[in-house]
Amino acid sequence: MLTATLPETELDPLSAVIHPDPYPYYRELATRRPFFRDERLGLWVAAGPREVAAVLAHPDCRVRPPAQPVPPALAGTAAGDLFGRLIRMNDGAAHAPLKQILMPMLAAIDPAAAAGRAGAMATVIDAGAASGTPGERANRWLFTLPVVTVADLLGMPVAEGDKAAEIAQRVAAFAAAQSPLADAHTVRAGAEAAQWLGTWLAGATPTDGPLPALHQAAHAVGIDAQAVAANTIGLLVQACEATAALAGNTLLRLGRGTPDVALQAVVTRVAQDDPPVQNTRRFLAADAQLCGHAVKAGDAVLVLLAAASCAGLADGERTWTFGHGRHACPGERLAQALAAATVAALLARGADPAALARAFRYRPSLNARIPHFL
Ligand code: HEM
């Protein structure tokens, strides 16, 4: 049984994501129930650091249900086509070559240079992002600056105010459509956004940046241009909600007191103890033994990255929000630099974290902890 203060009826591994303080609950799970079956949710749950690492390393644990490569709501739409080509959403051998080209490209982006570029992009988007209440402004910056900076770093032509805002909006719409909580309207907007982004990218001539080299390297090993385009858009999507969440949670941290460390160090701490991505999922491709339990093909495992992060066990000091193993995030250092740059840009424009932290809610989500300022 769980603690008396946080009974099971109040919290479960999914509602914890946007609970005001889920960490005592997570800690309890990580230490007392590191791997268990939640019958109500119909999911296995991995909460301990060892168990989380074991699931993410298991060869039969896949990022999508084998029989369902694309979420049913997106299937047959432009958003579904795009989703199906993402390396993030595939374990198949067909995606390995592209992944081998993309990963070093991302690794080669220097975080300090990225932060500098974000500063320059901030002045580009200033005009369009100044209106509204302080909360609306903060939300807009969180969802715009990291995405357009990644686009700019890759060499996409985004350095015009209106274009930058529209690209960020479309990327956010596509990202939102991937949530299991998305309603019909959100899914439709996501499909439109995927179409729009595909057309925009096809017509955009890369400025400088690594995109031309990426296309060449991919072409040389027979990877089709559509897969490259989908994964380029995929990078913007990866940069969207999670980086917004990391920057937003950093604003909350600043709003609740002034930490005595530099902003970049606050971001790193927040990634560890109030992480933007709280869980990820894996799906069994075969019957297997997992953490001492017999699991069946088709079973789903909810991997509580946030619980592993706050478990305080031997390896509890590491950051788990960026995943681990085969699908670990290649954008970790970039994301932390962009989150710090986004918070710095907001602070430089007069944002008041204490005021923001007094009026916010978390966006409805089953895996990301994203503050929405009111
Ligand atoms: C705070 C921000 C971010 C967080 C918390 C985050 C977290 C994650 C996590 C947890 C995964 C693994 C998912 C899984 O194994 O199920 C992942 C994968 C990935 N992330 Fe990030 N991410 C962030 C920002 C970024 C950025 C800025 C980029 C690139 C521009 C990026 C690119 C990717 C890619 C390409 C993958 C797929 C890797 C693969 O499947 O091999 N991420 N991210």
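Computed from a predicted model, the values in this text were never measured in an experiment. Heavy atoms only: backbone and side chains are in, while hydrogens, waters and symmetry mates are out. Each ligand, and each atom within it, is numbered from 1 in the order the structure gives.
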**Item:** Nearest-0.5 Å distance that lies between atom NZ in Lys99 and atom CZ in Arg88
**Value:** 9.5 Å

**Request:** Measure the acute angle between the ring planes of Tyr26 and Tyr23, then classify it against the limits of 30° and 60° as parallel, tilted or perpendicular.
**Result:** tilted

**Message:** Can you tell me how the ring of Phe35 sits relative to the ring of Trp44, calling it parallel under 30°, perpendicular over 60° and tilted otherwise?
**Reply:** parallel

**Asked** Just by distance, with hydrogens left out, do Thr149 and Asp152 show a side-chain donor and acceptor under 3.5 Å apart?
**Response** no

**Message:** Can you see whether Asn231 engages His95 through a side-chain donor-acceptor pair at a distance of less than 3.5 angstrom?
**Reply:** no

**Message:** Quick test of your reading: applying side-chain hydrogen bond (donor to acceptor under 3.5 Å, both in side chains), list the pairs with at least one residue in residues 329-339, sequence neighbours left out, ordered by first then second residue.
**Reply:** Thr268-Gln336

Contacts table for ligand 1: protein N or O within a distance under 3.5 Å of ligand N or O, distances only.
{"from": "ligand 1", "atom 1": "15 (O)", "to": "Arg282", "atom 2": "NH2", "distance (Å)": "2.6"}
{"from": "ligand 1", "atom 1": "16 (O)", "to": "Arg88", "atom 2": "NH2", "distance (Å)": "3.4"}
{"from": "ligand 1", "atom 1": "16 (O)", "to": "Thr280", "atom 2": "OG1", "distance (Å)": "2.5"}
{"from": "ligand 1", "atom 1": "16 (O)", "to": "Arg282", "atom 2": "NH1", "distance (Å)": "2.8"}
{"from": "ligand 1", "atom 1": "16 (O)", "to": "Arg282", "atom 2": "NH2", "distance (Å)": "3.4"}
{"from": "ligand 1", "atom 1": "20 (N)", "to": "Gln238", "atom 2": "NE2", "distance (Å)": "3.1"}
{"from": "ligand 1", "atom 1": "40 (O)", "to": "His327", "atom 2": "ND1", "distance (Å)": "2.5"}
{"from": "ligand 1", "atom 1": "41 (O)", "to": "Lys99", "atom 2": "NZ", "distance (Å)": "2.4"}

